[in-house]
Amino acid sequence: MKELPKAYEPKRYEDEIYRKWEESGFFNPDGLSGEPYSIMMPPPNVTGVLHLGHALENALMDTMARYQRMRGKKVLLVPGTDHAALPTQAKVEKLLMQEGIKNPRQELGREKLVAKIKDFAENSKSTILGQIKKMGTSCDWSRLAYTFDGYRSKAVNEMFKRMYDDGLIYRGYRVVNWSVKGQSTCSDDEVIHVERPAKLYTFKYSKDFPIMIATTRPETKLGDTAVAVNPGDDRYKMYIGKKYQIDIGAALPLQIKIIADENVEINFGTGALGVTPAHSPTDFEIYEKQKAKDDPIGLIPVIGSDGLMTDAAGINYQGLTVEVAREKFVAWLKENSLLEKEDDIIQNVGTSDRFGDVIEAIPMTQWWLDMRKEIPGRDKSLKDLMRLAVTTGLNNDPAQKVFITPERFKKLYLDRILNLRDWCLSRQIWWGHRIPVWYCVGDGACKIECKQPIVTLEKPDYCPHCNSKNIIQDEDTLDTWFSSGLWTFSTLGWPDKTEDMKKFHPTSWIQMGYEIRDLWMMRMILMSSYALKQIPFKNVYFHGMLRDESGKKFSKSSGNNIDPLDVIKQYGADALRWSVLGGIAPGNDSKFYEEKIEGARNLVNKLWNISRFMVARISEPGKDIVEPKPKTLADQWIMSRLAGTVETVKENIEKYNFSYAGEALRDFTWNDLADWYLEIAKVEGDKSETLNYILNTILKLWHPFMPFVTEAIWNEAYNGSMLMVEKWPVANQEKISLAVEADFGIIQKIIVQIRNWRAEHKIEPKEKIKAVITFGRDLIPANGGVIKFFGRLETLAFVKKTVTGEATDFEIKFDCQVDANKEMERLRKEIAAIEPYVASQEKKLANEQFVGGAPATVVAGERKKLAEAKEKLAKLNEQLIK
RNA sequence: GGGCGGCUAGCUCAGUUGGUUAGAGCGUUACAUUGACAUUGUAAAGGUCACAGGUUCGAAUCCUGUGCCGCCCACCA
């Protein structure tokens with residue numbers, strides 16, 4: 001027997017326990033046997049510290065990892081961090097600007113700025129890793145990965161080269177999403193659409209121009225080269241093919257060609273679209289289409305990468321910001337009576353998710369990944385692979401199919417890839433994987449071939465064509481998601497053919513927030529399907545977002561930020577884990593607030609205290625014990641409930657219903673075990689074996705959810721061994737007995753009735769009363785001791801029922817001074833509650849359609865219910881008359 | 001414009017293929033307090049399951065429509 005402190009103090013145990021786990025070597029799968037089970041941690045960005053969302057992710061991953069480890073799997077959970085190219089550079093630049101460095105890129109230059117970012121990244125990396133440990137996450141630190149370390153860089157270059165050699169990566173002059181503030185491109189996924197009021201201007205290029213057009217961006221009209229109309233539009237048909245030369249103030253007169261395009265809607269606006277190929281992705285597509293049709297139109301960039309109007313915009317506009325140029329151009333239209341009208345509208349404007357400024361569409365030469373092109377020798381495009389991975393499975397192999405939880409996200413994913421355009425890979429920021437492409441800037445002796453980019457894994461010494469040593473690397477870096485897309489296998493040593501690759505890929509399960517579905521899941525599927533012909537993971541689970549009490553996202557800017565470390569400090573890691581996991585459903589957001597953490601802390605403490613109680617009553621604690629033989633109904637009952645709980649917990653973890661699994665376990669622990677069985681143990685006595693068995697089992701069940709407190713108790717109770725690698729309990733199905741549970745339910749009902757009666761008659765809890773129970777079944781007197789104890793009865797007598805009614809029936813009479821009026825009132829209240837029910841049951845059973853239509857078992861059940869209710873009612877009426 | 005999710009007790013949420021008198025936690029109220037635990041116990045109050053139709057013997061659950069809240073996608077100039 002042991003004396004444990006009254007309350008669980010997480011601080012006393014957590015760090016030491018984590019150290020013991022780490023030292024045990026069981027975080028590393030090499031020390032485990034069994035079937036491999038792998039989870040890759042979504043690497044947190046090295047932009048700062050972990051927030052609550054990460055706490056949720058760690059709780060989810062670790063619960064799964066610990067469960068699987070105890071199930072006897074060879075579990076690998078790889079920790080890591082993401083260099084998060086653009087977000088990190090944006091963040092550090094912002095900090096530097098706050099320190100007074102106005103233009104960090106100009107003032108520091110590439111090398112120094114990258115060094116600063118690296119410092120910052122390394123710093124936040126170590127903070128983050130420390131936080132992951134605090135959460136109790138059982139990951140293999142020997143396989144720690146970073147998207148920007150040597151191994152991962154090697155994988156990135158390899159992937160780029162393979163894709164380039166396959167003709168999927170190309171360099172092309174196209175319209176990109178350009179952030180003027182960030183001085184970089186971004187992908188379509190990083191553009192956030194924001195609704196803003198805007199003006200829609202309807203105007204003509206000149207007095208004799210036959211068609212009106214409308215626009216929200218008048219200043220770009222200085223670069224128009226065509227007007228597109230629907231070929232079926234009778235108003236404009238006759239103009240198709242005609243060319244007009246007009247002067248609206250641009251450097252050169254505009255050459256406007258009237259062209260036909262099916263996508264122009266006749267009924268929208270003026271039914272004509274002013275085409276600005278340089279500054280609209282749609283118009284650029286028209287430009288390309290026209291080129292393909294051998295009926296080319298021009299392309300005039302009038303906005304530069306600095307966000308100012310270019311020379312091509314004309315002497316009156318060049319150097320102006322777009323806003324000023326817009327006003328000026330509109331003024332000019334008005335002066336020349338070309339403006340038909342201006343309407344106020346709400347417009348969706350694309351903004352940069354990191355820099356926040358409005359995204360300009362600007363044509364540039366960039367690196368692209370082709371989504372639609374057939375992969376050499378595979379008869380499929382990347383887009384096809386991405387689709388097949390979730391539908392039939394890659395190569396029609398069901399083993400190569402990704403299962404998505406919740407299922408509705410599968411449809412969203414498929415819809416998304418349907419509209420996928422080529423992925424712009426290159427970024428002009430400096431923090432990130434430099435594109436593995438080199439150019440010969442030769443010594444004048446260059447050949448034409450020297451203009452070709454050289455794509456190699458490492459810097460070549462010579463130009464392969466002219467042998468010049470004058471070779472420079474592409475200035476640009478890769479989209480950060482390119483390296484994240486490789487995560488499931490770059491973490492396992494790819495492109496080398498490692499043992500880990502063989503064992504752990506495809507990975508078993510991954511979890512992530514739904515907000516990065518398009519950014520990350522899609523690209524992992526793309527990369528893995530392409531390079532390995534394997535899916536990256538067999539199962540993917542999407543969690544929702546944690547919000548505060550009023551439904552707002554947690555963020556520093558809205559001042560509602562909660563630091564997981566503070567929560568751990570105050571309540572412990574187990575409480576934090578439980579509070580983020582409680583009440584969540586796959587794919588749904590959930591709310592997080594103080595009371596939830598308190599509730600979790602109370603639960604942790606409750607578990608601690610029932611364990612204390614049990615440990616004190618176990619004469620020979622031992623972890624290798626056989627199932628005890630039940631001696632009483634209560635024993636049978638608790639064993640049945642325990643077995644049922646083992647089953648429920650397992651089933652629900654495997655269906656990713658973490659919340660439900662936990663609730664079932666809580667329900668058993670608190671309501672069945674603590675409130676009933678442990679109380680019974682006080683009267684029935686001699687429960688050592690059973691208590692040992694129960695404690696043993698529930699600690700294992702609780703471990704994935706609350707690793708620290710369970711390990712602490714385990715160590716106190718069964719010192720020497722480690723709970724983390726104990727075998728997960730197997731439900732003894734034979735012990736699950738509905739009959740036993742129903743029988744015990746009768747005893748509970750009797751006790752509740754006595755308690756109620758006492759409460760209603762305001763009988764002091766201390767006061768012992770006498771009672772007589774008329775019973776129909778022997779199990780009632782057999783549990784007399786329990787009833788007497790719970791009901792605080794002085795004496796309890798039993799009378800066997802003479803008339804046989806319902807088998808479960810019992811009646812309690814109290815020998816005690818009570819207020820007769822109160823008793824009448826109580827009886828009336830009870831009668832009033834039952835009467836309507838009896839009436840509705842009678843009506844239901846009188847309904848021939850119900851009796852005829854419903855299954856016999858249902859009808860029989862309803863009949864029984866009616867009989868019981870009627871009997872109870874009769875008895876109450878009888879008592880009332882007395 | 002298209003789509004998705006939510007609407008169940010004061011609050012946060014369960015409710016698994018339609019079948020007890022719709023549940024839990026928190027909060028509230030009353031009572032208790034040397035007991036493994038006040039980070040506790042016992043009990044009570046509290047719900048037209050957003051609304052309107054429909055299918056069915058029977059609907060919180062299935063179908064249709066409406067409303068409100070939240071989110072995602074889209075090149076509507």
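Computation of the quantities below employed the complete heavy-atom set of this structure, encompassing side-chain atoms and omitting hydrogens, waters and symmetry-equivalent molecules. In what follows, chains carry the letters A, B, and so on, assigned in the order in which the sequence lines appear, proteins first and then strands, with residues in each chain numbered from 1.
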> Hey, can you pull the residues of residues 604-611 of chain A with a non-hydrogen atom under 4.0 angstrom from RNA chain B?
Replying inline: Asn605(A), Lys606(A), Asn609(A), Ile610(A)
> Going by heavy atoms in the side chains, are Trp578(A) and Tyr571(A) under 4.5 Å from each other?
Replying inline: no
>> In this structure, how many angstroms lie between the P atom of rA36(B) and the CD1 atom of Ile680(A), rounded?
In response: 16 Å
>> For rG25(B), give the paired nucleotide (Watson-Crick: N1-N3 plus N6-O4 or O6-N4; G-U: N1-O2 and O6-N3; both under 3.5 Å), or none.
In response: rC11(B)
> Within a strict 4.5 Å, meaning less than it, do heavy atoms of the Phe209(A) and Val227(A) side chains meet?
Replying inline: yes
>> In the structure I gave you, are the side-chain heavy atoms of Glu340(A) and Thr270(A) within less than 4.5 Å of one another anywhere?
In response: no
> Taking atom C1' in both rU55(B) and rU12(B), what distance in whole Å separates the two?
Replying inline: 34 Å
> Could Glu868(A) and Lys865(A) be called an ion pair, given the rule that one side-chain N must be under 4.0 Å from one carboxylate O?
Replying inline: no
> Can Lys289(A) and Glu262(A) be said to form a salt bridge (Lys or Arg N to Asp or Glu O under 4.0 Å), step by step?
Replying inline: CA-CA 12 Å; Lys289(A) 256 193 274 177; Glu262(A) 301 279 347; over 6 Å; no
> Ile584(A) CD1 to rA14(B) C1': how many Å, rounded?
Replying inline: 14 Å
>> Before you tell me yes or no, could you show the steps for Phe789(A) and Val786(A) under side chain to side chain contact (heavy atoms under 4.5 Å, CB included), namely the whole-Å CA-CA distance, both residues' side-chain angles and the distance that decides it to 0.1 Å?
In response: CA-CA 5 Å; Phe789(A) 173 77; Val786(A) 171; 5.8 Å; no
> Using purine N1 to pyrimidine N3 plus N6-O4 or O6-N4 for Watson-Crick, or N1-O2 and O6-N3 for G-U wobble, each under 3.5 Å, what pairs with rU16(B)?
Replying inline: none
>> Could you work out, with salt bridge (charged side-chain N to carboxylate O under 4.0 Å, His left out) as the rule, every residue matching Glu830(A), not counting sequence neighbours?
In response: Arg826(A)
>> Looking at Glu679(A) and Lys682(A), is there a salt bridge between them, counting it only when a charged N and a carboxylate O are closer than 4.0 Å?
In response: yes
> Mind checking what makes salt bridge (charged side-chain N to carboxylate O under 4.0 Å, His left out) contact with Lys762(A), not counting sequence neighbours?
Replying inline: none
> Does Phe789(A) or Asp675(A) map to a spot on RNA chain B nearer the 5' end, using the closest nucleotide for each?
Replying inline: Phe789(A)
> Should Val580(A) and Phe592(A) count as side-chain neighbours, where that means a heavy-atom distance under 4.5 Å?
Replying inline: yes
>> According to salt bridge (charged side-chain N to carboxylate O under 4.0 Å, His left out), does anything in residues 570-598 of chain A pair up with another residue at least two apart or in another chain? List the pairs.
In response: Asp62(A)-Arg577(A), Arg547(A)-Asp589(A)
> In terms of the angle between their ring planes, are Phe705(A) and Trp702(A) parallel, tilted or perpendicular, with boundaries placed at 30° and 60°?
Replying inline: perpendicular
>> Distance check needed: rU12(B) C1' versus Glu549(A) CD, whole Å only.
In response: 9 Å
> What interatomic distance, in whole Å, is found between C1' of rU64(B) and the corresponding atom of rU56(B)?
Replying inline: 16 Å
> Could you give the CD-to-C1' distance, from Glu9(A) to rC37(B), as a whole number of Å?
Replying inline: 14 Å
> Who passes salt bridge (charged side-chain N to carboxylate O under 4.0 Å, His left out) against Asp343(A), sequence neighbours left out?
Replying inline: Lys341(A)
> Considering only the P atoms, how many Å lie between rA44(B) and rU8(B), rounded to the nearest integer?
Replying inline: 25 Å
> Who passes salt bridge (charged side-chain N to carboxylate O under 4.0 Å, His left out) against Glu842(A), sequence neighbours left out?
Replying inline: Lys870(A)
> Which whole number of Å gives the distance between the C1' atom of rA59(B) and that of rG15(B)?
Replying inline: 14 Å
>> Between P on rU56(B) and CD on Gln849(A), what's the gap in Å once rounded to a whole number?
In response: 10 Å
> Given the C1' atoms of rG23(B) and rA9(B), what is the spacing between them in whole Å?
Replying inline: 10 Å
> Do any pairs count as a side chain to side chain donor-acceptor pair (under 3.5 Å) and have a residue in residues 273-282 of chain A, sequence neighbours left out, and if so which ones?
Replying inline: Lys221(A)-Thr276(A), Asp224(A)-Thr276(A), Ser280(A)-Asp283(A)
> Between Lys829(A) (NZ) and rA45(B) (C1'), how many Å, whole number?
Replying inline: 9 Å
>> Salt bridge check, Glu515(A) against Lys553(A): does any charged N sit closer than 4.0 Å to a carboxylate O?
In response: no
>> What's Glu679(A) touching, base or sugar-phosphate or nothing? Going by heavy atoms closer than 4.0 Å.
In response: base
>> The criterion is side-chain hydrogen bond (donor to acceptor under 3.5 Å, both in side chains); which residues satisfy it with Asn671(A), sequence neighbours excluded?
In response: Asp667(A)
>> Please report the distance separating the C1' of rU34(B) from the corresponding atom of rU40(B), rounded so that it comes out in whole Å.
In response: 14 Å
>> Each nucleotide in nucleotides 20-32 of chain B should get exactly one letter: B, S or -. Can you fill that in based on protein heavy atoms under 4.0 Å?
In response: BB---SS-----S
>> Let's test this: given Watson-Crick or G-U wobble pairing with both distances under 3.5 Å, identify the partner of rC4(B).
In response: rG70(B)
> What one-letter contact string describes nucleotides 69-77 of chain B from 5' to 3', where B marks a base within less than 4.0 Å of any protein heavy atom, S marks contact via sugar-phosphate atoms alone, and - marks no contact?
Replying inline: ----SBBBB
> Which one is paired to rG41(B), where only Watson-Crick or G-U wobble pairs with both distances under 3.5 angstrom count?
Replying inline: rC31(B)
>> Taking pairing as Watson-Crick or G-U wobble with both contacts under 3.5 Å, can you name the mate of rG53(B), or confirm there isn't one?
In response: rC63(B)
>> Using a 4.0 Å cut-off on heavy atoms, which residues in residues 851-861 of chain A reach RNA chain B? List them by number, or say none.
In response: Gly853(A), Ala854(A), Pro855(A), Val858(A)
>> Taking 4.0 Å as the cut-off, does a side-chain nitrogen or oxygen of Lys596(A) come that near to OP1 or OP2 on rU12(B)?
In response: no
>> Applying side-chain hydrogen bond (donor to acceptor under 3.5 Å, both in side chains) to Ser187(A) and Glu190(A), what does each step give before you reach the verdict?
In response: CA-CA 5 Å; Ser187(A) 68; Glu190(A) 286 154 320; 2.9 Å; yes
>> Taking rU21(B) as the reference, what is the distance to rG47(B) when you measure between their C1' atoms (whole Å, please)?
In response: 13 Å
Pull out every protein N or O sitting under 3.5 Å from an N or O of nucleotides 5-7 of chain B, one pair per line with the distance.
none

>> Under 3.5 Å for both donor-acceptor distances, Watson-Crick or wobble: does rA36(B) have a partner, and if so which one?
In response: none
> Nearest-Å distance, CD (Glu594(A)) to P (rU39(B))?
Replying inline: 15 Å
> How long is the line joining CD of Gln570(A) and P of rU39(B), in whole Å?
Replying inline: 14 Å
>> Rounding to an integer number of angstrom, what distance separates rG58(B) and rA24(B) when you compare their C1' atoms?
In response: 26 Å
